[in-house]
Amino acid sequence: MSWLKKVFSKKVDERQERDLMVVEHYGFWLMYWMLFAALVIQGIIMDKGDQVLGEWIVFMVTSVFVLIGWVRKGVWSYQSRKIPGMKACLGYSLVAGIAGGILGAVSGLKWHQNNINGVLICAAVYAGMIFVITFVVFVILTSIGRRRERMLELKAIEGDEEDK
């Protein structure tokens with residue numbers, strides 16, 4: 001047995017593997033949102049945007065990897081077996097737009113310290129841009145996800161017919 005097989009051989013049963021996956025799942029999402037918070041705090045609040053390039057690259061690569069994996073497997077979340085509809089895309093985008101507006105207001109306070117109109121314009125621009133971008137991304141991903149879900153269902157039906 002080569003040393004690679006020895007190091008990577010499975011030594012746990014299915015229940016232990018499932019337990020490990022649950023811990024890894026929660027650990028991943030904790031790390032993901034903490035990294036996002038660190039990016040927001042360092043990049044916008046502390047105004048050290050030029051120093052967070054490495055974290056931003058890791059965050060974006062992880063985000064793209066997870067989205068591609070979800071679409072490829074034809075799943076969206078643990079709560080629903082179906083891909084969300086247009087109302088859910090609007091809701092998610094609205095939440096992201098509000099968060100973007102808050103971040104825009106915080107960054108606008110740095111640029112327009114005594115000018116409340118400048119802060120409000122900054123918040124509105126951030127909110128609008130984030131809303132539009134996330135809505136477009138969600139619509140594209142849901143259409144790709146629906147297409148992929150249908151394709152996987154057809155493969156499952158074809159596999160069932162072949163087994164008979």
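- Side-chain contact between V139 and M86: present, with at least one pair of heavy atoms (C-beta onward) separated by less than 4.5 Å.
- Partners of F36 by ring-ring contact (aromatic ring centres under 6.0 Å, His included), not counting sequence neighbours, listed by chain and number: W33, F59.
- For residues 118-134, the set of pairs meeting the salt bridge (charged side-chain N to carboxylate O under 4.0 Å, His left out) definition, not counting sequence neighbours, is empty.
- I68 belongs to a hydrophobic cluster whose other members, connected by ILVMFWY side-chain contacts under 4.5 Å either directly or through intermediates, are V64.
- Looking only at side-chain heavy atoms (C-beta outward), W56 and L35 stay at 4.5 Å or farther from each other.
- Here F135 contributes atom CZ and L94 contributes atom CG; the two are 11.5 Å apart, rounded to the nearest 0.5 Å.
- Between F131 and I98 the shortest side-chain heavy-atom distance does not fall below 4.5 Å.
- One distance of note links CE of M34 with CD1 of I41; it measures 9.5 Å at 0.5 Å rounding.
- Other residues sharing a hydrophobic cluster with V95 under the 4.5 Å side-chain heavy-atom criterion for ILVMFWY residues do not exist; the residue is a singleton.
- Contact of the F28 side chain with the T62 side chain is registered, since non-hydrogen atoms from C-beta on lie closer than 4.5 Å.
- Identified under the salt bridge (charged side-chain N to carboxylate O under 4.0 Å, His left out) test for residues 19-44, with sequence neighbours left out: R15-D19.
- M60 and I140 fall within a single hydrophobic cluster, where Ile, Leu, Val, Met, Phe, Trp and Tyr are joined by side-chain heavy atoms under 4.5 Å apart, directly or via other members.
- R18 CZ to H25 NE2: the interatomic distance, rounded to the nearest 0.5 Å, is 9.5 Å.
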Identify all side-chain donor-acceptor contacts of residues 123-130 below 3.5 Å with residues at least two apart in sequence or on another chain.
none

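- Rounding to the nearest 0.5 angstrom, the gap separating the CG atom in N117 from the SG atom in C122 is 12.0 Å.
- Residues V58 and Y32 have side chains not in contact (no heavy-atom distance under 4.5 Å, counting atoms from C-beta outward).
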Residues R148, M151; criterion side chain to side chain contact (heavy atoms under 4.5 Å, CB included); working and verdict: CA-CA 5 Å; R148 180 71 180 159; M151 206 165 67; 2.8 Å; yes
From CA spacing to verdict: side chain to side chain contact (heavy atoms under 4.5 Å, CB included), V137, L141: CA-CA 6 Å; V137 168; L141 287 175; 3.7 Å; yes
